[in-house]
Amino acid sequence: DGVDASASASIQVADGERTGNTGMVARMIQDATGADLFSIRTEESYPDNYEDTVDQGQEEQAENARPRLTEQIENPDQYDTVFLGFPNWWGDMPMAVYSFLEEYDLSGKTIVPFVTSGGSGFSGTIEAIEELQPEASVLEGLSISGSQAAQAQEQVGQWLDEVLQ
């Protein structure tokens with residue numbers, strides 16, 4: 001009821017709110033770093049069930065769509081580091097993440113990607129981020145199996161210790 005599955009086909013509960021696997025990991029990063037949390041949301045909400053979300057995501061990918069985003073970061077210049085999380089959908093980022101990366105100029109910033117997937121990890125997404133944001137520094141990312149996202153606190157903490165040195 002009223003769930004916007006935004007960019008995830010899986011639903012988890014974190015702090016009493018529904019989110020996806022990627023959202024779970026994002027909250028872990030926020031808890032560990034004190035970072036602001038921004039959710040990439042589209043005008044056309046993704047369905048709240050797996051099968052329909054899969055269909056919509058595949059259709060967007062086949063069309064190389066750029067879904068319109070509903071919210072904007074108020075002052076992106078205030079951030080030096082951007083943790084960019086997304087699920088891997090068929091070897092790629094959701095098309096809404098492309099919309100985000102094309103809408104913002106992250107030149108001079110550090111992008112720290114993290115992905116949840118069923119086993120394909122980042123695929124070619126790191127290269128896609130580097131191509132879309134050539135003036136940003138893209139650090140080594142964290143890949144977490146979607147089935148392990150809810151229990152990834154220790155893995156996230158160790159990764160953050162490495163990338164934030």
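All values reported here derive from a predicted model rather than from experimental measurement.
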(request) Say whether Val138 and Trp159 are linked into one hydrophobic cluster, either directly or through other cluster members, by side-chain heavy-atom distances under 4.5 angstrom. (result) no
(message) Holding to side-chain contact (heavy atoms from CB on, under 4.5 Å), I want the full list of residues that pass it with Gln78, two or more places apart in sequence or in another chain.
(response) Asn75
(message) Please report the interatomic distance OG(Ser45) to CD(Gln56), rounded to the nearest 0.5 Å.
(response) 8.5 Å
(request) Quick one: pull up CG in Asn64 and CZ in Arg66 and give me the separation to the nearest 0.5 Å. (result) 4.5 Å
(message) Please say yes or no: joined through hydrophobic side-chain contacts below 4.5 Å, possibly via intermediate residues, are Met28 and Leu164 part of one cluster?
(response) yes
(message) Are Leu84 and Leu69 linked, directly or through intermediate hydrophobic residues, by side-chain heavy-atom contacts shorter than 4.5 Å (ILVMFWY only)?
(response) yes
(message) Quick check for you: to the nearest 0.5 Å, what is the distance between Glu103 atom CD and Ile40 atom CD1?
(response) 9.5 Å
(message) Is it true that, when you exclude Glu140 itself, more than 12 heavy atoms of the residues, nucleotides or ligands shown sit nearer than 6.0 Å to its CD?
(response) no
(message) Can you tell me if Glu43 has over 12 outside heavy atoms packed within less than 6.0 Å of its CD?
(response) yes
(request) Would you indicate whether the side-chain heavy atoms of Pro67 and Glu60 approach each other to under 4.5 Å? (result) yes
(message) As a quick check of understanding, evaluate side chain to side chain contact (heavy atoms under 4.5 Å, CB included) for Phe83 and Val25, giving each step before the final call.
(response) CA-CA 11 Å; Phe83 287 90; Val25 176; over 6 Å; no
(request) Using a 4.5 Å cut-off on heavy atoms from C-beta on, say whether the side chain of Leu139 contacts that of Thr110. (result) yes
(request) Kindly indicate whether the side chain of Thr81, heavy atoms from C-beta on, has any atom under 4.5 Å from the side chain of Val112. (result) yes
(message) Side-chain heavy atoms nearer than 4.5 Å, only ILVMFWY residues, links allowed to pass through others: does that put Ile29 and Met24 together?
(response) no
Per-pair distances, 0.1 Å, donor-acceptor, side chain in residues 150-158, under 3.5 Å, sequence neighbours excluded:
from	atom 1	to	atom 2	distance (Å)
Glu154	OE2	Gln158	NE2	3.4

(request) Could you grab the distance from atom CD1 of Ile73 to atom CZ of Phe38, nearest 0.5 Å is fine? (result) 5.0 Å
(request) Taking the six-membered ring for Trp and the full ring for Phe, Tyr or His, determine whether the centres of Trp89 and Tyr98 are under 6.0 Å apart. (result) no
(request) Report the distance from atom CD of Gln30 to atom CG of Leu37, rounding to the nearest 0.5 Å. (result) 4.5 Å
(request) Examine distances only and state if a side-chain atom of Thr42 and a backbone atom of Glu44 form a donor-acceptor pair shorter than 3.5 Å. (result) yes
(request) Determine whether Ser99 and Arg68 make a side-chain contact, defined as any pair of heavy atoms from C-beta on separated by less than 4.5 Å. (result) no
With a cut-off of 3.5 Å and sequence neighbours excluded, list every side-chain donor-acceptor pair involving residues 113-135.
from	atom 1	to	atom 2	distance (Å)
Thr116	OG1	Thr22	OG1	2.7
Ser117	OG	Gly119	N	3.2
Ser117	OG	Ser120	N	3.4
Ser117	OG	Gly121	N	3.0
Ser123	OG	Asn88	ND2	3.0
Ser123	OG	Ser120	O	3.3
Thr125	OG1	Phe122	O	2.6
Gln133	OE1	Leu106	N	2.8
Gln133	NE2	Leu101	O	2.6
Gln133	NE2	Tyr104	O	2.7

(request) Quick one: do Trp90 and Val54 satisfy side chain to side chain contact (heavy atoms under 4.5 Å, CB included)? Show the steps, please. (result) CA-CA 10 Å; Trp90 312 280; Val54 165; 3.5 Å; yes
(message) Regarding Asp36 and Tyr79, do their side chains bring together a donor and an acceptor under 3.5 Å, going by distance alone?
(response) yes
(message) Hydrophobic clustering (ILVMFWY, side-chain heavy atoms < 4.5 Å, transitive) - are Leu142 and Phe86 grouped together?
(response) no
